[in-house]
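What you see is a predicted model; the values in this text were computed from it and never measured.
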Amino acid sequence: MADDIDDLLDEVETKFCTKTPVKKDSSSRRQEEKNPVGSKSKKPAGQESKPALSKKSAKKLSGEDDDLNSMIDDIIDGPEPPKSLQRQNSQSSYTTPSRTASISQRRCNPVYLGGSADPMGLSSAVSQRMCDQLRCTSCDFKIVAFDNYEWDSTCDYLFFRNNVPDFKKLSAKLKKRRGSRAYACQCMWRSVKTVSKVEQDLQLKWVCGKHAL
């Protein structure tokens, strides 16, 4: 018990009372009793005695080191993120190219109208086909077409405005006519038997809405 008190006093004097001589501990006193002053062995030059840390301060430092090491271990060995989040991160690391970007589209040139016997599809300078992707720029509706039918002479704007594109409602004004094709949007209508260009009919605002290849 006396040794511990002496060690604590030595540590306090070392930290706060540097100018005052350090009090010798009991172990040094015993050593001096055994070895008189004249018989002390001289230490080599350059080697000076350093104040030893007390047991309590050494325990305190070791305890702080242990706490720091445990905190580092907790950070390194933290819980792993859920698998669902890992999948999302792996999926977000790359993007899949859009399929629509690889699909090319073309317009009919010129745009044709024709009867039921005329083939439909993409028209070009070497392939005369009736456009089946017609769209009206006036009412912004896709044109409907019915083979082997023609429109009744009593048709009017309100009839098409209210009924396009419903075939059941439109059939009230449709008459069967072999070889004819009935076209209509919500503002214009035509019954066609022979091939003709859309641009020749100045009243029509119909254009090709593009064909996917």
Side-chain angles (χ1 to χ4, degrees), residues 74-213:
D74 291 339
I75 295 172
I76 296 174
D77 300 332
E80 294 184 357
K83 293 184 178 180
S84 59
L85 184 59
Q86 291 178 358
R87 293 195 199 98
Q88 291 178 2
N89 293 335
S90 62
Q91 291 175 358
S92 62
S93 61
Y94 65 92
T95 55
T96 305
S98 175
R99 293 184 179 180
T100 56
S102 61
I103 298 176
S104 59
Q105 295 180 334
R106 291 181 59 186
R107 295 181 186 272
C108 290
N109 186 23
V111 181
Y112 289 106
L113 300 178
S116 60
D118 299 312
M120 303 187 76
L122 176 64
S123 175
S124 64
V126 296
S127 178
Q128 191 181 69
R129 293 179 178 274
M130 312 305 110
C131 182
D132 57 355
Q133 298 295 327
L134 290 170
R135 194 170 192 87
C136 180
T137 59
S138 181
C139 64
D140 197 26
F141 262 76
K142 184 178 180 180
I143 283 77
V144 294
F146 306 107
D147 288 345
N148 297 316
Y149 283 97
E150 67 178 6
W151 297 113
D152 188 79
S153 59
T154 60
C155 291
D156 57 10
Y157 170 81
L158 290 177
F159 172 75
F160 292 102
R161 184 69 178 178
N162 295 328
N163 298 322
V164 170
D166 193 336
F167 174 75
K168 290 183 178 180
K169 294 180 179 180
L170 292 172
S171 60
K173 298 288 185 177
L174 282 171
K175 296 189 303 182
K176 287 188 176 182
R177 176 70 65 177
R178 188 175 180 83
S180 178
R181 181 176 287 153
Y183 293 89
C185 63
Q186 282 198 344
C187 61
M188 296 297 293
W189 61 98
R190 291 291 184 271
S191 296
V192 183
K193 292 182 181 179
T194 58
V195 177
S196 62
K197 293 181 180 180
V198 173
E199 62 186 18
Q200 293 176 349
D201 192 337
L202 300 179
Q203 292 182 340
L204 294 178
K205 304 296 181 183
W206 295 353
V207 296
C208 177
K210 292 185 180 181
H211 298 257
L213 301 179

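- Scanning all heavy atoms of the two residues, the minimum distance from Cys131 to Val111 falls at CB-CG1, 4.0 Å.
- You'll find the side chain of Tyr183 reaches within 4.5 Å of the side chain of Leu113, heavy atoms only.
- Listed by chain and residue number, nothing satisfies the salt bridge (Lys or Arg N to Asp or Glu O under 4.0 Å) test with Arg129 (two or more places apart in sequence, or in another chain).
- Considering only residues two or more places apart in sequence or on other chains, Asp166 meets the side-chain contact (heavy atoms from CB on, under 4.5 Å) condition with Lys168, Lys169.
- Between the CH2 atom in Trp151 and the CZ atom in Arg177 there is a gap of 15.0 Å [rounded to 0.5 Å].
- The minimum heavy-atom distance linking Val144 with Pro165 is given by the pair CG1-CB, 3.7 Å.
- Sorted by first and then second residue, the ring-ring contact (aromatic ring centres under 6.0 Å, His included) pairs involving residues 163-182 (not counting sequence neighbours) are Phe146-Phe167.
- For Ser116, the side-chain hydrogen bond (donor to acceptor under 3.5 Å, both in side chains) test picks out Asn148, with sequence neighbours left out.
- In this structure, SG in Cys208 is found 9.5 Å from CG in Asn109, a value given to the nearest 0.5 Å.
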Would you sort out whether Ser127 and Leu122 count as a side chain to side chain contact (heavy atoms under 4.5 Å, CB included), showing the intermediate values? CA-CA 8 Å; Ser127 178; Leu122 176 64; over 6 Å; no

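- Across all non-hydrogen atoms, the minimal contact from Val164 to Cys185 is CG2-O, 3.3 Å.
- Here the side chains of Tyr149 and Lys176 are in contact, with some heavy-atom distance below 4.5 Å.
- Residue pairs meeting the salt bridge (Lys or Arg N to Asp or Glu O under 4.0 Å) criterion with at least one member in residues 191-213, sequence neighbours excluded: Arg190-Asp201.
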Name every donor-acceptor pair, under 3.5 Å, that has one atom in a side chain of residues 153-160 and the other anywhere in the protein, sequence neighbours excluded.
unit_1	atom_1	unit_2	atom_2	d
Thr154	OG1	Asp152	OD2	2.4
Thr154	OG1	Lys173	NZ	3.0
Asp156	OD1	Phe159	N	3.0

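- Rounding to the nearest 0.5 angstrom, the gap separating the NE2 atom in His211 from the CG atom in Asp132 is 5.5 Å.
- The two residues Pro110 and Ser123 come nearest to each other via the heavy atoms O-OG, 3.1 Å.
- Identified under the salt bridge (Lys or Arg N to Asp or Glu O under 4.0 Å) test for residues 179-188, with sequence neighbours left out: Asp147-Arg181.
- Evaluation of the salt bridge (Lys or Arg N to Asp or Glu O under 4.0 Å) test over residues 105-123, restricted to residues two or more places apart or in two chains, returns none.
- In terms of heavy-atom proximity, Trp206 sits nearest to Ala184 at CH2-N, 4.3 Å.
- Summarising the geometry of Gly121 relative to Cys108, their closest heavy-atom pair is O-SG, 3.7 Å, with the distance given to 0.1 Å.
- In this structure Gln186 satisfies the side-chain hydrogen bond (donor to acceptor under 3.5 Å, both in side chains) test together with Arg161, sequence neighbours excluded.
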